[in-house]
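I have placed the structure first, in the form of structure tokens, so that the comments after it can refer back to it.
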Amino acid sequence: MASSSSSSSAPLAFFAISMVLLSSVAMATDYVVGDDKGWTLDFNYTVWAQDKVFRVGDNLLFNYDSSKHDVVKVNGTEFQDCSSTSANEVFTSGKDGILLKSEGKKWYICSKGNHCSNHEMKLVINVESAAPAPAPVSSAPSLLASLSAGALIVAGAAILA
Ligand SMILES: *[C@@H]1O[C@H](CO)[C@@H](O)[C@H](O)[C@H]1NC(C)=O
Ligand SMILES: *[C@@H]1O[C@H](CO)[C@@H](O)[C@H](O)[C@H]1NC(C)=O
Ligand SMILES: [Cu+2]
């Protein structure tokens, strides 16, 4: 009935408020490179990356068949040339998480066969500064206000129930 449905939605409202609070705190994002396709041949990683904002603290997750591919962190020149040396950092597990530790451009290629030069198996991203944490002075009152609003809703639900 009306009264039972309105009281049962109160915990949901509190949950929703909590989620908004949590998401306003800077949280790292995990980006699965290539989404469902993973790290593979003939996928346009430029298109994949173009609508995304990468920030310090985020992770890149490379999923691939480790018998066919690898991930090599290269510099801009090497990226253009699809080249790498033994000095480059190489990932080979097939399920590699790479933490984006600093700002700026990051370049990754597959060093197997001609995957980079002929199949566009290369990714360049620009890493921006970490999302600013909420300023303590301005966020504390709104945090308290939201918490007490949530407490009021729960109290109201308890009275209605
Ligand atoms: C990938 O997409 C970008 C943007 O549309 C385009 O400029 C580029 O040529 C594409 N690369 C390939 C290999 O098709
Ligand atoms: C990239 O690395 C190569 C070594 O493989 C080095 O010779 C070159 O100077 C580097 N280029 C840049 C732009 O850092
Ligand atoms: Cu490859």
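Just so you know, ligand 1 is whichever comes first in the structure, and atom 1 is the first atom listed for that ligand. Just so it is clear, the model here is predicted, and its values are computed rather than measured. All residue numbers refer to positions in the sequence shown, counting from 1.
Remark: atom 7 (O) of ligand 2 lies closer than 4.0 Å to no protein heavy atom. Counting only heavy atoms, the protein gets under 4.0 Å from atom 2 (O) of ligand 1.
At the shortest separation from atom 5 (O) of ligand 1 among protein heavy atoms lies Val47 CG2, 3.9 Å. Given atom 13 (C) of ligand 1, the protein heavy atom at minimum distance is Glu120 CG, 3.1 Å. The protein atom (non-hydrogen) at minimum distance from atom 12 (C) of ligand 1 is Asn44 ND2, 3.5 Å. For atom 4 (C) of ligand 2, the closest heavy atom belonging to the protein is Glu78 OE2, 3.5 Å.
Crowding of Asp51 atom CG: a count of heavy atoms from other residues, nucleotides or ligands under 6.0 Å exceeding 12.
Distance SG/Cys116 to CG/Leu41: 11.5 Å, rounded to 0.5 Å.
Using cut-offs of 30° and 60° for the angle between ring planes, the Trp48 and Phe54 rings count as tilted. Relative ring orientation between His119 and His115 is described as perpendicular, the plane-to-plane angle rising above 60° on a 0-90° scale split at 30° and 60°.
For ligand 2, the atoms closer than 4.0 angstrom to any heavy atom of Asn75 are 1 (C), 2 (O), 3 (C), 8 (C), 10 (C), 11 (N), 12 (C), 14 (O). Interface of Thr85 with ligand 2, defined as ligand atoms under 4.0 Å from a residue heavy atom, comprises 5 (O). Within ligand 2, counting atoms from 1 as listed, the ones closer than 4.0 Å to a heavy atom of Thr77 are 11 (N), 12 (C), 13 (C).
Not a single N/O/S atom of Cys116, whether from backbone or side chain, sits less than 2.8 Å from the Cu ion (ligand 3).
In this structure, a donor-acceptor pair under 3.5 Å is absent between the side chains of Asn114 and Ser117.
When hydrophobic clusters are built by joining Ile, Leu, Val, Met, Phe, Trp and Tyr residues whose side-chain heavy atoms come closer than 4.5 Å, directly or via intermediates, Val32 is not grouped with Ile98.
Sorting the N, O or S atoms of His115 by how far they are from the Cu ion (ligand 3) puts ND1 first.
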- Kindly determine whether Trp39 and Met121 satisfy side chain to side chain contact (heavy atoms under 4.5 Å, CB included), including the steps that lead there. CA-CA 8 Å; Trp39 182 235; Met121 204 167 168; 3.3 Å; yes
- Task: Would you check, one step at a time, whether the test side chain to side chain contact (heavy atoms under 4.5 Å, CB included) holds for Tyr108 with Tyr45?
- Result: CA-CA 10 Å; Tyr108 306 91; Tyr45 292 98; over 6 Å; no
- Under the side chain to side chain contact (heavy atoms under 4.5 Å, CB included) criterion, do Val53 and Glu128 qualify, and how do the steps go? CA-CA 7 Å; Val53 177; Glu128 298 181 12; 3.6 Å; yes
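The SG atom of Cys110 and the ND1 atom of His69 meet at the Cu ion (ligand 3) at an angle of about 130°, given to 10°.
Between Asn88 and ligand 2, not a single N/O pair is under 3.5 Å apart.
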